[in-house]
Protein chains: 2
Amino acid sequence: IIEAKGLSKTYLLGRLEVPALRGVSFRVRPNEYIAVMGPSGSGKSTLMNLIGCLDTPTAGEYRLDGELVSAMDDDQLASIRNGKIGFVFQTFNLLPRADAFQNVELPLIYAGLSKAKRRRRVEEAIEAVGLTERSHHRPSELSGGQRQRIAIARALVNRPALLLADEPTGNLDSVTGEEIMGLFGKLHDAGNTIILVTHEEYIARKSNRLIRLRDGRIEEDRPVGRV
Amino acid sequence: IIEAKGLSKTYLLGRLEVPALRGVSFRVRPNEYIAVMGPSGSGKSTLMNLIGCLDTPTAGEYRLDGELVSAMDDDQLASIRNGKIGFVFQTFNLLPRADAFQNVELPLIYAGLSKAKRRRRVEEAIEAVGLTERSHHRPSELSGGQRQRIAIARALVNRPALLLADEPTGNLDSVTGEEIMGLFGKLHDAGNTIILVTHEEYIARKSNRLIRLRDGRIEEDRPVGRV
Ligand SMILES: Nc1ncnc2c1ncn2[C@@H]1O[C@H](COP(=O)(O)OP(=O)(O)OP(=O)(O)O)[C@@H](O)[C@H]1O
Ligand SMILES: Nc1ncnc2c1ncn2[C@@H]1O[C@H](COP(=O)(O)OP(=O)(O)OP(=O)(O)O)[C@@H](O)[C@H]1O
Ligand SMILES: [Mg+2]
Ligand SMILES: [Mg+2]
């Protein structure tokens with residue numbers, strides 16, 4: 001499903017070059033459950049942005065479902081992002097002027113679902129993260145962890161073939177965190193692929209493969225735990 | 001240093017009332033180190049905002065250093081907030097158009113320090129969180145955990161008598177998290193008071209008192225670990 005060869009990303013700050021990823025290579029097969037770990041600043045979010053087609057590498061090759069992403073046009077990229085990939089951002093990225101319901105509904109509007117079908121799927125996703133009573137709160141009227149859970153509901157509502165979650169439990173107590181991991185486990189059991197960034201061991205233990213980054217390189221890539 | 005009696009906070013959403021805190025009472029003595037825990041949405045950030053004089057309660061009494069905060073005028077509140085209290089927000093709240101150095105420098109400008117003295121203290125604080133090489137990056141040019149560490153440096157730069165930190169390690173790997181807890185430990189050893197919200201056990205274990213919230217009430221308030 002994913003093939004990365006020598007992926008690099010160097011940010012440009014004026015004339016200063018900031019190498020965030022230095023030649024990362026790996027493959028992901030369908031239905032894998034991967035935990036990405038590593039110190040703060042090691043390049044995890046940068047890698048997730050490349051995998052999710054939200055940014056382009058400065059070097060290297062990236063294939064999604066066998067196709068070279070660098071050769072795709074904007075329409076193709078957008079349809080992949082909206083259809084196949086669910087993304088939970090480290091910074092949530094919710095629309096501030098829309099309420100929780102409207103934020104979760106957004107991917108379904110892009111996917112062209114009918115209003116009635118959208119309503120049912122949004123209510124189901126918000127119920128799954130335990131926030132039915134907060135459906136009409138805006139992001140600023142929610143707690144930090146509640147915003148995070150709405151961002152998770154939005155990523156799951158399209159039942160994505162590939163879920164990319166960047167620190168999905170950073171603001172959640174462990175009981176709520178376990179509930180979210182239960183949702184991810186169901187998505188995985190249904191045959192989908194999950195890649196999540198975490199720094200919490202109890203989250204990483206749910207996965208079946210660990211990729212550890214350090215200073216923009218892969219330090220370790222091995223099978224773990226869950227089968 | 002702090003005396004809270006029957007503190008309550010009810011948010012108003014149109015005609016809907018959302019009770020976030022329902023009558024919370026506690027005292028904090030100088031040089032205590034308190035961990036506040038509880039499920040997502042239980043009222044932790046709301047409580048921190050009241051303690052830090054960033055919001056006013058809808059009921060109850062709150063005294064800081066023996067004085068009733070509700071009776072203070074805006075100037076008094078601002079001088080307490082800028083002088084005595086350091087606040088690490090759950091959402092970092094960095095100025096997007098200022099770089100890391102300028103963000104950390106802000107409390108020292110309010111405190112009226114000379115430029116040379118400010119420079120020294122800012123460099124020291126940024127060095128303490130390990131981000132000297134990122135001093136001139138803006139928040140959008142930093143990783144999630146790096147933004148969090150700049151927000152921590154900003155809260156510590158004024159050597160506050162009271163440090164309020166809301167989930168300060170949510171985006172940090174455990175090694176970096178331990179480094180930050182080392183900084184808090186030093187501040188505590190120097191006689192200052194620390195109140196931090198966390199959902200991570202290894203962070204809570206650094207404190208000497210645990211206040212656990214559930215549904216806007218104090219479920220538990222007892223001494224723990226660190227002496
Ligand atoms: N501005 C607001 N308007 C309406 N409701 C709000 C507002 N801010 C918070 N709330 C609600 O008040 C409750 C407490 O929120 P608070 O942010 O204090 O929780 P928390 O314990 O910090 O949670 P978390 O661990 O998820 O950060 C939540 O249920 C939230 O939905
Ligand atoms: N837009 C940018 N411009 C310049 N440098 C950047 C930019 N975005 C990130 N960086 C730098 O690239 C490096 C990798 O950042 P990245 O966000 O991928 O790290 P991370 O592993 O996700 O860290 P964290 O765990 O703290 O979220 C960091 O050192 C950061 O300062
Ligand atoms: Mg990151
Ligand atoms: Mg909070």
Side-chain angles (χ1 to χ4, degrees), chain A residues 11-14 16 18 20 36-46 48-49 89-92 99 129-131 133-134 136-150 166-177 179-180 197-202 204 212-214 216, chain B residues 11-14 16 18 20 36-46 48-49 89-92 99 129-131 133-134 136-150 166-177 179-180 197-202 204 212-214 216:
Chain A
Y11 293 108
L12 279 180
L13 273 197
L16 182 69
V18 184
V36 176
M37 302 184 85
S40 173
S42 54
K44 304 181 296 295
S45 296
T46 301
M48 294 295 264
N49 290 341
F89 294 90
Q90 190 170 6
T91 47
F92 314 160
D99 66 22
V129 298
L131 285 174
E133 290 151 50
R134 296 282 183 264
H136 299 294
H137 284 225
R138 292 182 176 193
S140 63
E141 296 160 345
L142 292 171
S143 79
Q146 290 171 342
R147 284 193 286 270
Q148 189 157 38
R149 287 186 277 162
I150 292 299
D166 196 343
E167 290 285 356
T169 60
N171 279 279
L172 301 178
D173 59 293
S174 39
V175 171
T176 312
E179 284 166 19
I180 296 303
V197 170
T198 185
H199 65 274
E200 297 188 88
E201 286 297 333
Y202 83 98
R212 194 179 292 276
L213 294 186
R214 181 174 291 278
Chain B
Y11 293 107
L12 281 180
L13 274 197
L16 181 71
V18 184
V36 176
M37 300 185 85
S40 172
S42 54
K44 304 180 296 295
S45 296
T46 301
M48 294 295 263
N49 291 341
F89 294 89
Q90 190 170 7
T91 48
F92 314 159
D99 66 20
V129 297
L131 286 175
E133 290 150 47
R134 297 282 185 263
H136 300 294
H137 285 226
R138 293 181 175 193
S140 63
E141 296 159 346
L142 292 170
S143 80
Q146 290 172 341
R147 283 192 288 268
Q148 187 156 41
R149 287 186 277 162
I150 291 301
D166 195 343
E167 291 284 359
T169 61
N171 279 281
L172 299 178
D173 62 278
S174 41
V175 172
T176 311
E179 284 166 18
I180 295 302
V197 171
T198 184
H199 66 274
E200 297 188 85
E201 286 296 334
Y202 82 97
R212 195 180 292 277
L213 295 186
R214 182 175 290 279

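Just so it is clear: chains get the letters A, B, ... in the order the sequence lines come, proteins before strands, and each one is counted from 1. Just the heavy atoms: all of them, side chains too, but no hydrogens, waters or symmetry mates, feed the values below.
Both the backbone and the side chain of A:Gln146 come within less than 4.5 Å of a heavy atom of chain B. In this structure, chain A has no heavy atom under 4.5 Å from any part of B:Arg138. Using a 4.5 Å cut-off between heavy atoms, B:Leu172 contacts chain A through both its backbone and its side chain. Interface remark: A:Glu200 contributes side-chain atoms only to the contact with chain B (heavy atom separation under 4.5 Å). Neither the backbone nor the side chain of B:Ser42 comes within contact range of chain A; no heavy atoms are under 4.5 Å apart. In this structure, the portion of B:Thr91 lying under 4.5 Å from any heavy atom of chain A is its side chain and not its backbone. Proximity to chain A is limited to the side chain of B:Glu167, based on heavy atoms less than 4.5 angstrom apart.
Between chain A and the options B:Gly43, B:Ser143, B:Gly170, B:Gly145, heavy-atom pairs under 4.5 Å are most frequent for B:Gly170. Put simply, of A:Asn171, A:Thr198, A:Thr169, the one with the most heavy-atom pairs under 4.5 Å next to chain B is A:Asn171. Chain A forms more heavy-atom pairs under 4.5 Å with one residue of B:Val175, B:Val18, B:Val197, B:Leu142 than with any other, namely B:Val18. In terms of heavy-atom pairs under 4.5 Å with chain A, the best-connected choice from B:Glu201, B:Arg149, B:Met37 is B:Arg149.
Qualifying ring pair (Phe, Tyr, Trp, His ring centres under 6.0 Å) partners for A:Phe92, counting only residues two or more places apart in sequence or in other chains: none. Among residues two or more places apart in sequence or in another chain, the side chain to side chain contact (heavy atoms under 4.5 Å, CB included) test is passed with B:Thr46 by B:Lys9, B:Tyr11, B:Ala20, B:Leu21.
Residues A:Leu13 and B:His137 form a side-chain contact, since some pair of their non-hydrogen atoms from C-beta on lies under 4.5 Å apart.
A:Asp173 and B:Gly38 get closest at one heavy-atom pair: CB-O, 3.9 Å.
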